[in-house]
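Proteins come first, then strands; the chains are lettered A, B, ... in the order of their sequence lines, and each starts at number 1.
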Protein chains: 2
Amino acid sequence: MIGVRSKIWFAIRGSPLIGQGRRDLLVYIDRFGSISAASREMGISYRKAWSSIQAMEECLGKKLIVRRRGGRDGGTASLTDVAKELIAKYDRVAGGLSELIDHRFEEVVKEQGKIH
Amino acid sequence: MIGVRSKIWFAIRGSPLIGQGRRDLLVYIDRFGSISAASREMGISYRKAWSSIQAMEECLGKKLIVRRRGGRDGGTASLTDVAKELIAKYDRVAGGLSELIDHRFEEVVKEQGKIH
DNA sequence: ATTCGATATGCCATATTTGCATAACGCTCG
DNA sequence: CGAGCGTTATGCAAATATGGCATATCGAAT
């Protein structure tokens with residue numbers, strides 16, 4: 001019934017730079033080649049995806065996405081090297097933490113007590 | 001410049017039960033003997049403290065605080081055994097995680113790259 | 001009965017998030 | 001060279017979450 005959840009994110013001067021959701025968005029953009037395809041696949045609105053990218057780039061002060069408007073497909077988007085580095089570093093810090101926390105939680109919650 | 005932050009909390013059916021802030025609130029209530037004294041010491045409004053307690057008790061379906069209105073001091077508040085158990089379990093799951101994450105972050109961020 | 005400081009709660013202002021609608025863009029193809 | 005297409009880009013309003021102010025309520029001590 002009771003469970004544990006966690007979040008981990010990078011921040012600059014207190015403002016959030018990237019967490020799991022934004023990290024996933026970048027990966028989806030890399031995979032599907034456009035912001036709109038990525039948002040469709042993730043089940044979020046294009047508006048939300050675009051706002052997230054805007055916030056990340058403004059926070060970091062560097063371009064994360066190369067945008068191209070026009071063309072037969074209407075446009076495309078791809079990741080800069082900075083974005084790829086950011087994903088890699090986030091993954092190395094956050095990787096496996098959720099499993100570690102779940103494991104700790106199971107150890108604690110299986111004990112006797114009034115909470116189950 | 002860039003830093004890492006994290007949160008960990010218990011949840012029931014998706015709704016948050018307790019995180020660091022609410023855990024601290026319970027500890028302060030235990031220490032100072034009233035909700036209002038606890039909120040003063042924490043620098044939050046009584047309204048916010050009360051709402052947090054309300055949300056926790058409704059989420060868990062058990063009383064966490066014993067409230068007493070009236071008396072020379074106007075009233076008092078103390079923790080139930082359930083609340084004490086909840087604090088202890090939260091601390092054992094969350095304890096030291098922030099340091100672990102900080103350590104991982106330092107390892108990753110000291111490397112070469114475009115992000116500093 | 002009065003007093004006191006705490007608990008309890010309604011109400012509203014503000015901030016944040018979310019979704020809708022639409023403009024702007026530019027490559028491609030006829 | 002103009003029309004068409006699907007994307008990027010953005011204003012705006014609705015919905016939701018957050019937080020503070022004001023005030024009612026309570027009950028033991030005196």
Side-chain angles (χ1 to χ4, degrees), chain A residues 5 7 9 11 13-22 24-26 28-59 62-80 83, chain B residues 5 7 9 11-22 24-59 62-80 83:
Chain A
R5 299 202 54 188
K7 286 183 195 241
W9 70 98
R13 292 179 303 274
S15 61
L17 171 60
I18 187 172
Q20 189 64 43
R22 290 177 177 183
D24 290 345
L25 175 61
L26 293 181
Y28 272 67
I29 290 171
D30 191 43
R31 180 181 309 165
F32 293 102
S34 81
I35 299 175
S36 83
S39 62
R40 268 198 308 275
E41 295 291 331
M42 289 186 71
I44 65 176
S45 68
Y46 174 85
R47 188 70 179 82
K48 181 174 170 61
W50 188 88
S51 298
S52 297
I53 296 169
Q54 184 75 3
M56 282 189 278
E57 292 187 334
E58 185 178 345
C59 180
K62 295 179 189 296
K63 296 278 290 181
L64 295 174
I65 307 290
V66 178
R67 293 114 148 145
R68 302 177 201 84
R69 287 197 288 198
R72 173 162 48 182
D73 297 331
T76 60
S78 57
L79 302 189
T80 64
Chain B
R5 300 202 54 189
K7 286 183 195 242
W9 69 98
I12 295 181
R13 291 179 303 274
S15 59
L17 171 60
I18 187 172
Q20 190 64 43
R22 291 178 176 181
D24 290 346
L25 175 61
L26 293 181
V27 170
Y28 272 67
I29 290 171
D30 191 43
R31 181 181 307 165
F32 294 102
S34 80
I35 298 173
S36 84
S39 62
R40 267 199 309 276
E41 294 293 331
M42 289 185 70
I44 65 176
S45 68
Y46 175 86
R47 187 71 179 82
K48 178 175 172 60
W50 188 88
S51 298
S52 297
I53 296 169
Q54 184 75 2
M56 281 190 277
E57 292 187 332
E58 184 179 345
C59 180
K62 296 179 189 298
K63 296 279 291 181
L64 295 174
I65 307 290
V66 178
R67 292 116 149 146
R68 302 178 201 83
R69 288 197 288 197
R72 173 162 47 182
D73 297 332
T76 60
S78 57
L79 302 188
T80 64

D:dG19 P sits how many Å from B:Ile44 CD1, rounded? 9 Å
Looking at side-chain heavy atoms only, is the closest gap between B:Leu79 and B:Ile65 below 4.5 Å? yes
Once hydrogens and angles are ignored, does a donor-acceptor distance under 3.5 Å link the base of D:dG4 to the side chain of A:Arg72? no
The correct set of residues in residues 50-59 of chain A placing a heavy atom under 4.0 Å from DNA chain C is none
What contact category does B:Gly71 fall into here, base, sugar-phosphate, or nothing, at under 4.0 angstrom with non-hydrogen atoms? base
Length of the line joining B:Arg69:CZ and D:dG27:P, which is rounded to integer Å: 6 Å
Base, sugar-phosphate alone, or nothing: which one does A:Arg47 contact when heavy atoms must sit under 4.0 Å apart? base
Please state whether the phosphate of C:dA6, meaning OP1 or OP2, lies under 4.0 angstrom from any side-chain nitrogen or oxygen of B:Ser34. no
Just by modelled atom types, is the B:Arg22 backbone N or O under 3.5 Å from a matching donor or acceptor in the B:Ser52 side chain? no
Spacing of A:Leu25 atom CG and A:Ile44 atom CD1 [to the nearest 0.5 Å]: 5.5 Å
Would you tell me whether B:Ser78 and B:Arg68 have side-chain atoms, one donor and one acceptor, within less than 3.5 Å of each other? yes
With a non-hydrogen cut-off below 4.0 angstrom, is B:Ala77 in contact with a base, only sugar-phosphate, or nothing? sugar-phosphate
So which heavy atom on A:Met42 is nearest to which on A:Asp24, and how close? CE-CB, 3.9 Å
At under 4.0 Å between heavy atoms, what does A:Gly70 touch on the DNA or RNA strands: base, sugar-phosphate, or nothing? base
